[in-house]
Amino acid sequence: MDITSNYFTSKQFNASKLSQSYYYHHTTSQTTSSSSPPFLHFAIALSQVTSTTKRLLKEQILTNILLVYLYYDRRKRNQDCCSCPTTTTVITSLEKNSMSSTTTLHATLLAGNVATHGYTLNIGFASISSSLCTSLQCSKTLLRQKIQKKGEMGDAAASIWSGSGVGSSGGTQSRIDGWGIQKKKRKCLEMRDMIDVISCINDMNQSNGDKGVEKRKKDAMSKIFSVVHHPDELRFAVKIFCNNMRTGATLVTVMRCLAAAHVLHKYNRINADMEEEEEEEVVIINENNNNNTYYFKVRPKKSNQNNRDCKSKIKQDIIHAQETFRSVYARHNDLKSCVVALVLGGMEGLLSACDVKVGVPVQPLLAAPSRSVEEVVLHYAENIPSSFAAVTSSSSSCGKGDDKGDNEENTVENRCITATNNTSENDASDDIPLLTAEYKYDGQRAQIHYQRIPSADDGGDDAQKEDMNILFFSRNLDNVTVKFTALVEWMKSRLQKLEMIRSFILDAEIVAVKRCCHQTNNGQGCSSSNAETILLPFQVLSTMKRSAVAAADELDMKRSSRNDDDDIELCIFAFDIIYLDGKALVEHVLIDRRKLLYQALSPIVQPGYFEFANSIDIVLNPTTDDLNSNSEAILMLESYLTKSIGPGRCEGVMLKSLYSKYKSSDTREKSGGFGGWRKLKKDYVDTIADSIDVVPIGAWRGNGRKNKWFSPFLLAVYDPDSGDFQSLCRCMSGFSDDFYKEKSIFYSNRLIETKSSVVSTNENPTFWFDPCEVWEIRGADLTISPVHHAGRGQMMGSAGEGISLRFPRFVRLRDDKAPEDATTGRQIIELFHSQSQRQNVMK
DNA sequence: GCTGTCTGCCC
DNA sequence: ATTCTGC
DNA sequence: GCAGAATGGGCAGACAGC
């Protein structure tokens with residue numbers, strides 16, 4: 001019998017027998033001593049996870065295998081202790097770290113997300129497919145065809161492997177038998193092999209200047225590809241390199257499972273201590289007598305009553321552990337240290353070791369899109385906690401800064417309307433603003449960490465700390481400090497004088513600006529009253545160098561024609577504070593956080609360099625059905641939205657309850673409820689959004705779940721002057737599955753052989769369509785494009801090929817229009833000009 | 001040294 | 001970034 | 001409402017190949 005099926009489908013799994021039963025039959029003698037789990041079981045588990053759509057079942061399977069990894073982890077720790085009698089009870093922190101790093105790595109591999117562990121591979125479709133062709137000895141064409149058919153490279157590779165006879169004898173035997181009885185004695189592929197290769201590839205990115213890196217990366221992958229024994233091993237090895245597992249479970253789920261496995265592991269140990277004979281037994285039962293459903297529980301004890309109590313206790317513990325882990329990880333976004341703390345210190349260890357800390361990013365709060373001002377107001381009004389029920393007045397007392405200049409509006413006095421330290425009390429009185437609206441700046445999110453350098457008498461390694469003084473993290477929590485060196489220097493100089501501030505973590509948006517000064521003070525900047533900060537679009541920001549090396553290169557060698565970064569002025573718009581002077585503020589409500597932000601950092605505010613996000617506060621009536629009682633709030637929001645996208649030159653507004661905490665992991669408050677942030681942009685709102693009527697002119701074939709359909713589509717505007725269809729963008733968002741089905745049939749009957757002479761684009765889609773329909777789409781901005789041709793020939797000496805659309809999405813079919821009635825190139829140019837005027841980028 | 005391709009990461 | 005879908 | 005999946009524009013950076 002196949003031992004994997006034994007493990008995953010039998011009623012019992014005896015972990016004490018791991019060492020004997022856990023490896024391939026035919027390689028037992030070679031691998032018994034290994035401390036790394038076989039890759040096959042990983043692959044089989046993920047294969048099973050992929051083959052169900054049920055989330056609970058996915059979690060059970062993943063918990064199952066993570067439980068095994070925890071056993072491995074502990075067994076290895078025990079071995080290390082035993083083999084070194086003098087340190088039986090003392091494991092150095094280094095060893096501890098490397099141990100649980102392995103667990104972390106196993107978990108990130110299950111999620112197909114080694115980036116979380118700090119690895120960047122810099123390999124993708126091209127190098128993986130090239131390496132596969134070598135290992136499988138197949139042609140590029142064959143692989144491409146298989147990928148088309150399977151919709152995915154890992155599946156394609158597995159399919160080719162199975163059919164090629166490379167690994168199995170094929171023929172009439174089943175797949176499992178095919179690998180199971182294999183004669184050749186090869187090394188069992190282990191998790192460690194995968195980890196070694198990944199770490200090796202990661203290291204190759206460091207050795208810059210070395211020739212032939214691509215080749216060596218391909219060779220490293222081939223090491224794995226050429227020793228697989230089972231198609232699923234190849235399948236998931238490829239998926240890992242692709243960074244896309246498509247199992248229906250990503251890191252979020254894997255972490256839930258890790259927390260669950262930790263609890264089960266702990267219970268199992270307790271049980272084992274009670275009955276030493278059968279140590280480490282976990283029972284997997286199939287209560288529904290349904291082959292697809294598994295439950296974990298500790299081996300049954302004496303009485304049923306006990307057992308039932310125990311079971312519900314475990315269940316509770318699991319839920320608690322999952323919630324705790326999630327919220328801890330949210331404020332201490334360093335998976336390695338969270339897992340180490342959990343595995344070695346349990347829940348207590350996790351909580352004590354992984355608090356908010358300067359230098360470790362906090363998971364940023366994100367905003368859910370909202371479609372109208374009414375929707376927003378209703379949303380927050382509906383969700384006002386009962387402690388605010390006392391607020392009944394409909395009169396509005398805020399927004400008083402609205403008509404004043406930006407700079408005056410940003411003073412502490414105007415902003416700090418209320419600060420209720422004890423919000424759990426039912427002490428809300430009339431006219432307390434519940435909602436705040438902030439400008440949504442079109443820049444780059446940044447979490448700014450600051451730790452004051454200790455003075456010389458404090459001792460310590462100052463030189464090193466100097467480097468870590470200020471850190472910038474991106475929205476995805478990458479360290480982007482080097483990109484913002486100029487801002488770091490500016491902040492350092494400003495903060496040096498602010499001795500009372502020792503540390504903070506800010507939430508902010510960095511925006512490219514043009515500083516207009518009517519009066520300068522010793523070159524440092526502007527006097528507040530006369531200064532104006534003109535916001536520039538995101539594209540300006542995005543042209544900045546990202547590495548110090550590149551910036552130095554540019555400076556020294558002057559080999560680029562691009563503007564030097566010194567020409568790009570940046571402004572920080574701070575809108576939240578997460579940590580201040582040794583204290584985490586994630587449990588503080590926004591109204592208090594904002595007060596602290598203003599108090600602490602007003603001294604460094606300088607227009608065009610460091611500002612607070614523009615905002616207004618709004619009073620809300622608690623109501624569930626009557627919008628009229630909040631009509632004032634609606635009017636205010638409407639005018640503020642208009643202001644933000646007009647004179648404010650922003651994307652729209654952000655909306656936040658002033659009484660919400662900085663926590664995304666309170667599941668109830670994630671994006672809904674009172675605590676969630678919302679965003680309102682012009683292009684979300686039907687009544688004010690521009691829409692564009694375009695003609696589908698081509699498409700590619702979709703990947704993964706869209707494999708049977710055209711996706712994305714290539715869309716074009718019409719230029720009556722030339723009769724051309726000029727591409728505007730690709731589009732893959734906004735289509736329902738039904739629409740995909742319908743249009744896949746529709747357009748497969750309207751394919752044309754080659755690119756039509758009336759089509760103008762730099763794109764080269766797999767399929768060209770006869771332009772015959774009009775679709776309404778929507779997007780955020782128009783940009784000058786290197787690939788799309790919309791408006792071409794009507795531009796006034798601009799760089800690029802034409803104009804394209806940012807964030808395109810399908811809205812609806814316009815069956816009332818013919819292709820010649822589509823939006824014209826000239827109209828696109830007009831839209832572009834009016835937008836550019838708003839954004840101050842035209843000459 | 002230039003150009004095209006690939007990758008990752010901003011939005 | 002946006003959006004749709006199954007749970 | 002969450003979690004997952006598929007994929008948008010467009011840039012810098014790193015290579016490879018000429």
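Fair warning: this is a prediction, and the values are worked out from it, not measured in the lab.
- Between V213(A) and T783(A), the one whose closest nucleotide on DNA chain D sits nearer the 5' end is T783(A).
- The distance between the ring centers of F575(A) and Y439(A) does not fall below 6.0 angstrom.
- The separation between N205(A) atom CG and dA14(D) atom P is 10 Å, rounded to whole Å.
- Nucleotide dT3(C) holds its P atom 4 Å from the CZ atom of R809(A), rounded to whole Å.
- The residue A780(A) sits apart from the nucleic acid: no heavy atom pair falls under 4.0 Å.
- Residue S736(A) places none of its side-chain N or O atoms closer than 4.0 Å to OP1 or OP2 of dC4(C).
- Ionic pairing of K682(A) and D690(A) is present here: one or more N-O contacts between side-chain nitrogen and carboxylate oxygen are shorter than 4.0 angstrom.
- In this structure, F710(A) atom CZ and dT7(D) atom C1' are separated by 17 Å, rounded to whole Å.
- Of the candidate nucleotides dG13(D), dG8(D), dC11(D), dC11(D) has the atom lying nearest to any side-chain atom of P786(A).
- Residue-level contact check: L56(A) touches neither bases nor backbone, having no heavy atom under 4.0 Å from any strand.
- With a 4.5 Å cut-off on side-chain heavy atoms, K440(A) and S644(A) do not count as touching.
- If you check distances only, the side chain of R55(A) does reach the base of dC2(D) with a donor-acceptor pair under 3.5 Å.
- Taking only side-chain nitrogens and oxygens, T53(A) comes nearer than 4.0 Å to OP1 or OP2 of dC7(C).
- Contact annotation: R326(A) reaches the phosphate of dA3(D) (side-chain N/O to OP1 or OP2, under 4.0 Å).
- Put simply, the side chain of R546(A) and the base of dC11(D) share a donor and an acceptor less than 3.5 Å apart.
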